[in-house]
Amino acid sequence: MRLLTHNMLASNARGAVTGYPLKLQVVKWSTKEAEPNPEFLRGMLPKIDWPALVAATQSLGLPELLPEAAPTDAELSAEGAAADEGSALRRLHRALLEIHIEEGTLVCPDTDRCFPISRGVPNMLLHEDEVRN
């Protein structure tokens, strides 16, 4: 599961007010290189909950990967940003698209309901008695 996916998931369990952002408890994660796509990243940035993304990278033990404030469009569009490993564009790319959670748990912030992540796939299925009415 990529952190991009984590940033979009929410719990629909009974008792959840917002069910977002899900807390990330990671057992195993890996990095899989991907080709940077600046246009995709600039288009996704407004849809990303930045504090939730920063918290996710911090839970992985990568507090230096992303700054507390989201990058500006100028930072993402800077000349040579796609080639510069330290640029805001490359750090965002790494966080959203190259980090993969292999094993762990997503925890609802409202109900503490745990959703397992196994072989990179989060299981968000609820039991019948857990579904909101």
Side-chain angles (χ1 to χ4, degrees):
M1 176 186 79
R2 291 182 173 124
L3 293 185
L4 174 61
T5 303
H6 168 259
N7 201 268
M8 305 290 168
L9 292 175
S11 170
N12 285 320
R14 184 186 314 259
V17 178
T18 62
Y20 184 84
L22 295 167
K23 296 176 221 161
L24 189 56
Q25 297 174 343
V26 178
V27 174
K28 179 182 173 189
W29 64 279
S30 63
T31 302
K32 298 177 185 175
E33 287 190 30
E35 194 67 33
N37 185 334
E39 293 79 27
F40 175 77
L41 292 172
R42 282 194 295 274
M44 284 305 298
L45 187 58
K47 299 171 178 77
I48 297 296
D49 181 322
W50 191 260
L53 180 60
V54 170
T57 60
Q58 290 173 348
S59 73
L60 293 170
L62 301 170
E64 74 290 342
L65 182 58
L66 297 174
E68 291 297 318
T72 64
D73 194 49
E75 289 175 300
L76 295 179
S77 302
E79 185 72 31
D84 179 6
E85 284 295 325
S87 71
L89 177 77
R90 286 301 293 257
R91 291 182 300 169
L92 178 61
H93 168 76
R94 180 168 185 231
L96 289 178
L97 301 173
E98 291 188 343
I99 294 174
H100 291 257
I101 310 304
E102 304 292 339
E103 304 290 333
T105 306
L106 298 168
V107 182
C108 176
D110 301 326
T111 65
D112 290 330
R113 168 64 157 88
C114 294
F115 300 96
I117 303 167
S118 179
R119 293 182 295 212
V121 179
N123 181 350
M124 301 293 293
L125 294 175
L126 297 171
H127 300 285
E128 195 172 313
D129 62 331
E130 296 177 304
V131 178
R132 286 189 211 173
N133 292 335

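Since the model is a prediction, treat every value here as computed from it, not as a measurement.
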Would you compute the distance between atom CG of D49 and atom CG of N7 and round it to the nearest 0.5 angstrom?
5.5 Å

Nearest heavy-atom contact between V54 and T57 is O-OG1, 2.8 Å

Any donor and acceptor pair, going by atom type alone, linking the side chain of H100 with main-chain N or O of G120 inside 3.5 Å?
no

Please check this pair: side chain of R2 against backbone of E98, looking for a donor-acceptor N/O pair closer than 3.5 Å.
no

Would you find a donor on one side and an acceptor on the other, under 3.5 Å apart, between the side chain of H93 and the backbone of P38?
no

Short question: side chain of T111, backbone of C108 - any donor-acceptor pair under 3.5 Å?
no

Work out which heavy atom in E102 is nearest to a heavy atom in S30; give both atom names and the distance.
OE2-OG, 2.8 Å

Do T5 side-chain atoms and M1 backbone N/O form a donor-acceptor pair below 3.5 Å?
no

Yes or no on side chain to side chain contact (heavy atoms under 4.5 Å, CB included) for V107 and Q25, after CA distance, side-chain angles and deciding distance?
CA-CA 8 Å; V107 182; Q25 297 174 343; 3.7 Å; yes

Please check this pair: side chain of W50 against backbone of P67, looking for a donor-acceptor N/O pair closer than 3.5 Å.
yes

About how many Å separate CG of L66 and CD of Q58, when rounded to the nearest 0.5 Å?
8.5 Å

With a sphere of 6.0 Å drawn around CD of E64, does it hold more than 12 non-hydrogen atoms of other residues, nucleotides or ligands?
yes

Check for me, please, whether L76 and F40 land in the same ILVMFWY cluster - side-chain distances under 4.5 Å, paths through other members count.
yes

Any salt bridge between K23 and D112, counting N to O under 4.0 Å?
yes

Whether the side chain of Y20 engages the backbone of A52 through a donor-acceptor N/O pair (distance < 3.5 Å, no angle test) should be reported.
no

Whether R113 engages the ring of F115 as a cation-pi pair (distance to the six-membered ring centre under 6.0 angstrom, angle to the ring normal within 45°) should be assessed.
yes

Should the heavy atoms of other residues, nucleotides or ligands under 6.0 Å from CD of E79 be counted, would the total exceed 12?
no

Residue pair A95 / L53: nearest heavy atoms and the distance that separates them:
CB-CD1, 4.4 Å

Taking the side chain from D110 and the backbone from G19, do they hold a donor-acceptor pair closer than 3.5 Å?
yes

Distance-minimising heavy-atom pair for M44 and L4:
CE-CD1, 3.5 Å

Run the side chain to side chain contact (heavy atoms under 4.5 Å, CB included) test on L22 and S11 for me, step by step, so that the C-alpha distance in whole Å, both residues' side-chain angles and the decisive distance to 0.1 Å come before the verdict.
CA-CA 7 Å; L22 295 167; S11 170; 3.9 Å; yes

Distance (rounded to the nearest 0.5 Å) between R91 CZ and L62 CG:
12.5 Å

Evaluate the side chain to side chain contact (heavy atoms under 4.5 Å, CB included) criterion for residues S77 and R42: first the C-alpha distance (whole Å), next the side-chain angles of each, then the deciding distance (0.1 Å), finally the verdict.
CA-CA 8 Å; S77 302; R42 282 194 295 274; 3.4 Å; yes

Note: C114 and T105 closest approach over all heavy atoms is CB-CG2, 3.6 Å

Below 4.5 Å, heavy atoms only, C-beta onward: do I101 and H6 meet side chain to side chain?
no

d(L3 CG, I99 CD1) to nearest 0.5 Å is 5.0 Å

Rounded to the nearest 0.5 Å, what separation is found between the CG atom of L96 and the CG atom of L45?
8.5 Å

Side chain to side chain contact (heavy atoms under 4.5 Å, CB included) between L97 and L41: does it pass, once the steps are laid out?
CA-CA 10 Å; L97 301 173; L41 292 172; 4.2 Å; yes

Nearest 0.5 angstrom please: L65 CG to L60 CG, how far?
9.0 Å

Hey, does L89 have a side-chain heavy atom less than 4.5 Å from the side chain of P71?
no

Nearest atoms (heavy-atom pairs only) where A10 meets M124:
O-CE, 3.5 Å

Under-4.0 Å salt bridge between E85 and R90:
yes

Out of curiosity, does L106 fall in the hydrophobic cluster containing V26 (side-chain heavy atoms, cut-off under 4.5 Å, transitive links)?
yes

